[in-house]
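Working notes, structure below.
Values reported hereafter were calculated over all heavy atoms of this structure, with side chains retained and with hydrogens, waters and symmetry mates removed.
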Amino acid sequence: MGDRRASEGSSHTAWTSSGLRYLGSEGHLQNVMVNFTSMGYFHIVPFSWTSENKLLISMFFTFLYLFGGFVNATTITVIYRDSHLHTPMYLLLCNLSIVDICYTTVIIPRLLEMLISGNNSMSFRQCFTQLYFFFWTGSTEDLLLFAMAYDRYVAICNPLRYQLVLSRNTCILMITSIWFAGCLNGFFLLLSFTGLSFCRSDTIRHFFCDSKALTKISCSGTSLFSIVMYIEFVLFGFCPFVCTVASYVKIINIILCIKSMDGRKKAFSTCTSHLTILLIYYVTVAVVIVMPASQYADLLEQVFTVLYATVAPMINPLIYSLRNKEVKKALLRLVGIK
């Protein structure tokens, strides 16, 4: 792995997602039958760790995972047990909590294993499996946030048709389609990685198998990935963001037309939680995408990835619970407090 060169001429070898390729002296790629699952490994180097800060980092991520799992599981239980919350908005929130649990489970347990055991090697198969589920859950969360914006748009801009537009069958179909679209998107994104060759290094300077970190150590095959990522950005990034902004422009315009101050506050209070989550998600993701190359770029990318991939899933249900009276009442009823 890394920069491996053959003993003759200018030929050298390079690791790919399907094994080891031999780059002949004329620059042609020739497949070599090598079992990459037993010989091809990446080395994950999170946060430029040292033996002194491993314990602190382990404790931090353990807290994020356990606390995030607890608050999301509590949100799911409250919504499931309370019939008053069986509405489209809370059904979407319940699915968001499920995605957030999956999101952190894809990353944190494997990271804790590396921190505790000290073995930071990850096989190609493990790396690309983690990458697929990260793409799946990330795409699903993005679409769910857009669906929640649409829910608020219908509720405020067309309240009399809310139950008709977002009926039970429509919601089930929409949520099923979102999960399926996320699964399919993860497959196509992973497929774009199969042509990458890794000859510059076998070290991923990130706390998990990240796509951007992988492209930094690849030496060829990035053209297909670039095209797929461009399509991904348009379909799952730019379009949902523009539609969400357009929805909230219309929502705010409707709210400002309400003459009663109490009516304005009540209408706007139903949107602030979702707006806060959207702000955290889109800002942190955008920073990671447009981060310029610098001495501390790798560290900053990891910090902002922690924010949207592990911290945000933990605080999402808290934001909704603390600002939503119905959820707080349902939680009190669940624990037997009147």
### Task
State yes or no: do Val249 and Leu278 share one hydrophobic cluster built from I, L, V, M, F, W and Y residues joined by side-chain heavy-atom distances below 4.5 Å, directly or via other members?
yes
### Summary
Closest non-hydrogen atoms of Leu91 and Cys171, given as atom of the first, atom of the second and distance, are CD2-CB, 3.9 Å
### Query
Would you call Tyr162 and Pro88 a side-chain contact if the rule is heavy atoms closer than 4.5 Å?
yes
#### Entry: Inter-residue atom distance Gln130.CD - Ile107.CD1, 0.5 Å rounding
6.5 Å
### Asn72 side-chain N/O to Gly68 backbone N/O, donor-acceptor pair under 3.5 Å
yes
### Task
Identify the two heavy atoms, one from Pro109 and one from Thr105, that lie closest to each other, and give their separation to 0.1 Å.
CD-O, 3.1 Å
### Message
With a 4.5 Å cut-off on side-chain heavy-atom distances among I, L, V, M, F, W and Y, is there a chain of contacts connecting Leu173 to Val165?
### Response
no
### Message
Quick one, Trp136 and Leu184 - any side-chain contact, counting heavy atoms below 4.5 Å?
### Response
no
### Query
Checking side chain to side chain contact (heavy atoms under 4.5 Å, CB included) against Tyr65, which of Ile101, Ile108, Leu111 comes through?
Ile108
### Query
Taking the side chain as C-beta and beyond, is there a heavy-atom pair between Val306 and Phe61 under 4.5 Å?
yes
### Query
Looking at CD1 of Ile44 and CE of Met122, how far apart are the two atoms once the value is rounded to the nearest 0.5 Å?
4.5 Å
### Task
Establish whether Tyr308 and Phe146 are linked, either directly or via other cluster members, by ILVMFWY side-chain heavy-atom contacts under 4.5 Å.
no
### Message
Within this structure, what is the CG-CD1 distance for the pair Leu144 and Ile178, rounded to the nearest 0.5 Å?
### Response
4.5 Å
### Message
Could you go through Asn185 and Glu232, starting from their C-alpha distance and side-chain angles, then the distance that decides it, and tell me whether this counts as side-chain contact (heavy atoms from CB on, under 4.5 Å)?
### Response
CA-CA 8 Å; Asn185 182 62; Glu232 161 81 6; 2.6 Å; yes
### Message
How long is the straight-line distance from CZ of Phe128 back to CZ of Phe135, given to the nearest 0.5 Å?
### Response
9.5 Å
### Query
Under 3.5 Å, is there a donor-acceptor pair between the side chain of Gln302 and the main chain of Arg205?
yes
### Task
Could you tell me whether a side-chain N or O of Gln126 sits under 3.5 Å from a main-chain N or O of Ser123, the two making a donor and an acceptor?
yes
### Query
Are the aromatic rings of Phe124 and Phe42 close, with centres under 6.0 Å apart?
yes
### Task
Give the C-alpha distance, both sets of side-chain angles, the deciding distance and a yes or no for side chain to side chain donor-acceptor pair (under 3.5 Å) between His43 and Ser121.
CA-CA 5 Å; His43 296 283; Ser121 297; 3.2 Å; yes
#### Entry: 4.5 Å side-chain heavy-atom contact, Ile204 and Val45
no
### Summary
To the nearest 0.5 Å, atom OG1 of Thr75 lies from atom CG of Leu96 at 9.5 Å
### Message
Donor-acceptor check, side chain of Thr284 to backbone of Tyr281, threshold 3.5 angstrom: yes or no?
### Response
yes
### Task
Could you check if a side-chain atom of Met89 sits within less than 4.5 angstrom of a side-chain atom of Leu93, using non-hydrogen atoms only?
no
### Task
Report yes if the side chains of Tyr132 and Cys183 come closer than 4.5 Å at any heavy-atom pair, otherwise no.
yes
### Query
Mind checking whether Leu214 and Cys127 have side chains closer than 4.5 Å, heavy atoms only?
yes
### Task
Look up atom CG in Leu143 and atom CG in Asn95, then write down how far apart they are to the nearest 0.5 Å.
12.0 Å
### Message
The test is side-chain contact (heavy atoms from CB on, under 4.5 Å); show your working for Tyr153 and Asn158 and say whether it passes.
### Response
CA-CA 8 Å; Tyr153 170 79; Asn158 201 355; over 6 Å; no
### Task
Check step by step if side-chain contact (heavy atoms from CB on, under 4.5 Å) holds for Leu318 and Phe67.
CA-CA 11 Å; Leu318 291 178; Phe67 185 73; 3.8 Å; yes
### Query
Looking only at atom types and distance, does a side-chain atom of Thr170 sit under 3.5 Å from a main-chain N or O of Leu166, one as donor and one as acceptor?
no
### Results of ring-ring contact (aromatic ring centres under 6.0 Å, His included) for Tyr282 - residues two or more places apart only
Phe241
### ring pair (Phe, Tyr, Trp, His ring centres under 6.0 Å): pairs with one or both residues in residues 72-114, sequence neighbours excluded
Tyr103-Phe134
### Worked check of side-chain contact (heavy atoms from CB on, under 4.5 Å) between Ile315 and Ile280
CA-CA 10 Å; Ile315 64 176; Ile280 295 172; 3.6 Å; yes
### Message
Tell me the closest heavy-atom pair linking Leu92 and Asp151, and the distance in Å.
### Response
CD1-CB, 4.0 Å
### Query
Out of curiosity, does Ile172 fall in the hydrophobic cluster containing Leu85 (side-chain heavy atoms, cut-off under 4.5 Å, transitive links)?
no
### Query
Just wondering, do Leu131 and Ser211 contact through their side chains at under 4.5 Å, heavy atoms?
yes
